[in-house]
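Positions are given from 1 along the sequence. These values consider heavy atoms only, across backbone and side chains, with no hydrogens, waters or symmetry-generated copies.
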Amino acid sequence: MFVQRYRKLSGFRTGAVEWMMLAFVVVLSGLLIAYFVWNERGLLLTSNIERMRLQTLIIDENLSHQLEGVRSALDSVRDALRGGSSCTTDCRRTLLQSLKRAMPGVRALLVLDRKGDIVMSDDDLRDRRLDDSNYTRRVEHMRDPDTLYLSQPYENTPGVFNIKLSLGLVGPDGKNNGAVSAILNPEYFDAVMRSALYAPDMNSAITEDSGRRILFVPADPAAMRNPSATPDPFFVRHQSSHRTETVLDGAAPSGEQRLVVQRTMSLRGLGLDKTLVVSLGRNQALIAAGWHSMAWTCGVAWLVFGLTASGGLILVQRRRQVLDDLAAAREEEQAAAAEKVELALNGANLGLWEWNMVSDQRTVDGRAAAMLGYTLDELNTGVIDWRGMVKADDMPGMEAALAAHLADSSRSFEAEYRMRHRAGHWVWVQSRGRVVERAPDGQPLRMLGTRMDISARKLAEAEIAHLAFYDGLTNLPNRRLLLDRLHHAIAKAARGNQYGAVLFVDLDNFKSLNDTMGHDMGDRLLEMVAFRLSEVTRETDTVARLGGDEFVILLEDLGQEQQQAMGNAAAVAGKVLDSLSRSYTLDGHELRSTPSIGVVLFGAEHHTINDLLRQADMAMYEAKAAGRATFRFFDPHMQVALDASATLEADLRHALQRGELRLYYQPVVDNGGRVTGVEALLRWQHPQRGLIGPGEFIPQAEKSGLIVELGDWVLEAACRQLVSWAGVADSAHLTMAVNVSARQFRQPAFVDQVLAVLDRTGADPRLLKLELTESMLATDMDDVIAKMTTLKAHGVGFALDDFGTGYSSLSYLKLLPIDQLKIDRSFVHDMLHTRHASSIVRAIITLAYSMDLAVVAEGVETREQWSELEAFGCNAFQGYLFGHAVPVGELAVLPVASTFCAPSLLEADAILDASV
């Protein structure tokens with residue numbers, strides 16, 4: 001160990017010295033290369049700056065010389081225009097033309113009046129395109145004769161920008177009389193500026209003191225057109241420096257890094273009203289491209305040298321290190337491998353086993369022995385036979401897996417089986433292995449493998465399987481397991497000619513218990529119900545929970561005779577009813593919850609699972625309808641009634657769409673038998689069944705919610721009939737009574753719908769009377785009064801139908817804005833036979849008149865009833881005595897006192913006179 005440490009320390013010192021020497025050489029060479037590259041960079045940058053400074057100076061001199069010539073020419077023109085001059089108009093025009101030809105940088109010479117209009121030009125065309133409105137407005141302000149005024153660039157031809165120089169014509173009084181102007185030729189100045197650009201990345205510009213560019217090369221029309229553009233940042237920095245010449249670098253607005261040389265033009269006494277700055281710029285990246293190339297070349301050469309030298313040194317040191325460490329590596333390799341295997345086995349909780357197949361001796365390590373609660377000595381001495389520890393039921397599977405591995409050596413041995421723990425319980429293990437040694441003839445000699453305790457995984461799998469088929473609250477079979485068992489029960493009953501039964505159990509008022517006592521209490525009640533159901537059923541029966549408070553009991557082998565099976569099923573249903581009806585004690589509370597039970601039998605005939613559950617559910621609802629806390633067997637008539645109800649509902653929906661509904665009208669007459677109004681009654685003209693009265697379809701419409709659509713249709717049709725009658729003198733006075741269902745009246749938009757129908761049809765609301773029943777007034781009285789009051793304000797009348805049969809109360813009767821009471825037909829029918837009914841009729845009439853309400857007697861069928869009602873003071877009547885409900889074409893609006901209908905068909909048509 002000491003020699004090995006010394007060898008490592010000596011090798012480390014030698015290697016460190018070698019690396020230090022190499023690092024010194026590489027760093028020194030790198031510093032020399034960096035010096036030469038930096039020196040080259042400085043020379044290149046200085047050369048470009050000096051050249052750019054020279055070019056800006058040349059531009060300054062050329063432009064200054066040109067502007068001096070323009071100033072001289074303008075002075076000459078101004079002298080010729082003075083009052084004392086002998087130069088005529090032709091002379092002045094010739095002078096303009098001569099001066100323009102003498103100056104190549106001038107495009108045109110102009111004479112302007114004080115308003116900026118062209119008085120004379122070198123070609124005397126007075127072309128307005130030679131001018132710009134922004135500049136001409138300044139002419140009258142040019143009052144200094146020594147100032148040369150420079151205009152902003154303006155664009156007459158797209159993409160061509162002109163600049164104008166002007167001298168003011170100032171009179172003796174100091175007022176402006178106009179100006180002489182020279183329009184500079186942009187192409188000439190562009191050529192001058194381009195002559196200074198010696199590289200394609202360069203640009204040049206002339207900028208006035210406000211930051212506006214007078215000229216820019218290469219051309220940038222968009223920037224020249226924008227007078228409000230932000231000044232160039234380099235120009236701002238130049239102005240801030242207050243120096244004649246600046247050399248600046250930085251980022252342009254486009255983000256490009258540029259080197260810019262700027263020079264303020266001296267202009268040598270031109271008297272120009274603006275300061276001009278010449279700028280020349282280059283892309284710094286292109287300037288640096290020369291020394292960058294040299295830097296890259298030198299850098300790559302230096303890097304190659306460093307890498308080559310380092311690689312050579314590494315190879316030398318590695319070879320030396322390999323030779324030094326070979327012996328130590330061999331020694332450590334086996335120890336490291338053993339340590340890794342040990343760590344892997346500990347981390348995976350794996351035990352090792354080895355099987356000598358010749359001697360049939362199996363040995364394990366400490367982990368494998370601890371899994372079963374034994375010591376190594378107990379398992380490895382052969383005292384305990386390992387095969388005897390394997391559960392007999394799992395032995396065939398393990399032997400099959402072993403045989404498959406021995407037959408195909410490419411497949412590993414893998415098996416899961418149970419082994420007996422020393423404490424007596426079974427432990428699930430997963431065993432994997434492989435043959436590692438064979439005889440020359442291929443006979444297996446030795447196997448190595450691992451063993452893992454998978455009891456926890458097996459337990460979790462069992463729990464998952466249980467949750468998939470059992471209810472989590474009651475631990476009863478759930479719907480999935482019930483359907484599976486019901487499927488097998490149906491098949492078994494068909495094969496064995498035995499009856500079975502399905503009991504559908506629903507707890508009465510369970511929702512109220514949940515709402516009052518809380519869901520926790522409800523869950524505890526469901527647990528107790530499940531326990532009681534299991535107590536009163538056989539072990540072979542299935543008690544399942546479908547969900548909520550619904551349970552299903554599957555009974556099998558109830559007998560081969562239907563009556564016997566019904567008796568056995570009824571006995572079980574009675575036990576369930578008795579058991580679940582007993583009180584429950586929960587947290588000191590004594591609760592009662594009765595069940596409603598539906599029972600359906602199944603036997604040799606064909607049944608489907610869905611049919612049985614649906615029929616049991618129907619029978620359960622029949623039990624609830626019978627008062628709850630009872631059971632009912634499924635009767636095929638229930639299915640027939642349900643199918644008939646569904647068919648009726650479907651036909652009724654089609655009736656609305658196909659226009660099969662009809663309105664019949666029954667007259668309302670006064671004391672003289674004259675028709676004062678009608679009541680609209682609904683009929684259904686069925687295409688197969690003929691005319692159907694409302695008593696057959698209104699209950700189904702109420703149940704399905706179609707009553708709202710039917711009510712809307714009746715109201716619309718009745719209002720249209722009122723409009724039709726309004727055009728005929730004999731019928732214009734008739735009122736129309738329309739019955740309104742409670743569900744329709746409670747619609748939030750009921751008032752708006754009625755008003756919309758009246759507005760749409762144009763019916764007179766004073767002739768419309770809505771009939772309400774007393775049952776509507778039992779709830780939300782404020783809402784009822786509000787709706788009635790709103791419609792009453794629009795002229796709609798209200799009648800209280802079937803008065804006396806509901807829960808009449810004088811306290812709310814006086815609050816309701818009603819116009820009429822209708823005496824129920826039952827009182828009219830009995831008033832000649834009992835004093836009680838007669839007294840009620842008399843009291844209703846008296847009450848109505850005392851409250852200023854009209855009163856109508858319904859169901860008047862005989863002359864005696866009519867006479868008696870007249871004696872009581874009633875003055876409005878409705879019934880078969882005066883006419884049946886008939887279509888509008890058969891309705892007579894003339895007095896009907898001499899044509900009373902015989903009462904022979906009263907009972908037969910009673911249903912047809914029921915209203916919506």
- Who are the ring pair (Phe, Tyr, Trp, His ring centres under 6.0 Å) partners of F551, not counting sequence neighbours?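 Scan of F551 (ring pair (Phe, Tyr, Trp, His ring centres under 6.0 Å), adjacent residues dropped) gives none.
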- Task: List in chain and number order the residues that pass ring pair (Phe, Tyr, Trp, His ring centres under 6.0 Å) with W684, two or more places apart in sequence or in another chain; answer none if no residue qualifies.
- Result: H686, F697
- Query: Between K787 and D783, is a salt bridge (Lys or Arg N to Asp or Glu O under 4.0 Å) present by the stated rule, with each step listed?
  - Reply: CA-CA 6 Å; K787 289 180 178 178; D783 181 63; 3.4 Å; yes
Non-hydrogen atoms of [X] and [Y] that approach each other most closely:
X    : Y    : answer
V505 : V576 : CG2-CG1, 4.4 Å
H733 : D730 : CE1-O, 2.9 Å
A619 : V599 : CB-N, 3.8 Å
Q865 : H829 : NE2-CA, 3.9 Å

- Item | Presence of salt bridge, D578 and K575, under 4.0 angstrom |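 So K575 does not pair with D578 through a salt bridge.
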- Might you work through the salt bridge (Lys or Arg N to Asp or Glu O under 4.0 Å) test for D611 and R614, ending with a clear yes or no? CA-CA 5 Å; D611 287 344; R614 187 174 64 253; 2.8 Å; yes
Side-chain donor/acceptor of [X] to backbone N/O of [Y], under 3.5 Å:
X    : Y    : value
S581 : L577 : yes
R662 : G659 : yes
T676 : V668 : yes
R532 : R582 : yes
S838 : R835 : no

Are any non-hydrogen side-chain atoms of [X] and [Y] less than 4.5 angstrom apart?
X    : Y    : answer
Q721 : W725 : yes
D617 : L613 : no
E858 : D801 : yes
L891 : V678 : yes

- Item | Pairing residues for D508 by the salt bridge (Lys or Arg N to Asp or Glu O under 4.0 Å) criterion, not counting sequence neighbours | K624
- Query: Side chains of T608 and N610: do they bring a donor and an acceptor to under 3.5 Å?
  - Reply: no
- Can you establish whether the number of heavy atoms outside Y621 located under 6.0 Å from its atom OH is more than 12?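 It does not: Y621 OH has 12 such atoms or fewer within range.
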- Message: Can you confirm whether more than 12 heavy atoms, excluding those of H836, are under 6.0 Å from its NE2 atom?
- Response: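 No, not enclosed.
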- State which residue, out of L715, L722, L663, fulfils the side chain to side chain contact (heavy atoms under 4.5 Å, CB included) condition with M736.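 Single pass found, and it is L722.
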Show the atom names and distances, to 0.1 Å, of all donor-acceptor pairs under 3.5 Å that link a side chain in residues 747-754 to residues at least two apart or in another chain.
| unit_1 | atom_1 | unit_2 | atom_2 | d |
| --- | --- | --- | --- | --- |
| Q747 | NE2 | R743 | O | 3.4 |

- Query: Looking at residues at least two apart in the chain, or sitting in another chain, which of them share a side-chain hydrogen bond (donor to acceptor under 3.5 Å, both in side chains) with R479?
  - Reply: none
- With sequence neighbours left out, which residue pairs that include part of residues 663-672 fulfil the salt bridge (Lys or Arg N to Asp or Glu O under 4.0 Å) condition?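 Matches after skipping sequence neighbours: D670-R674.
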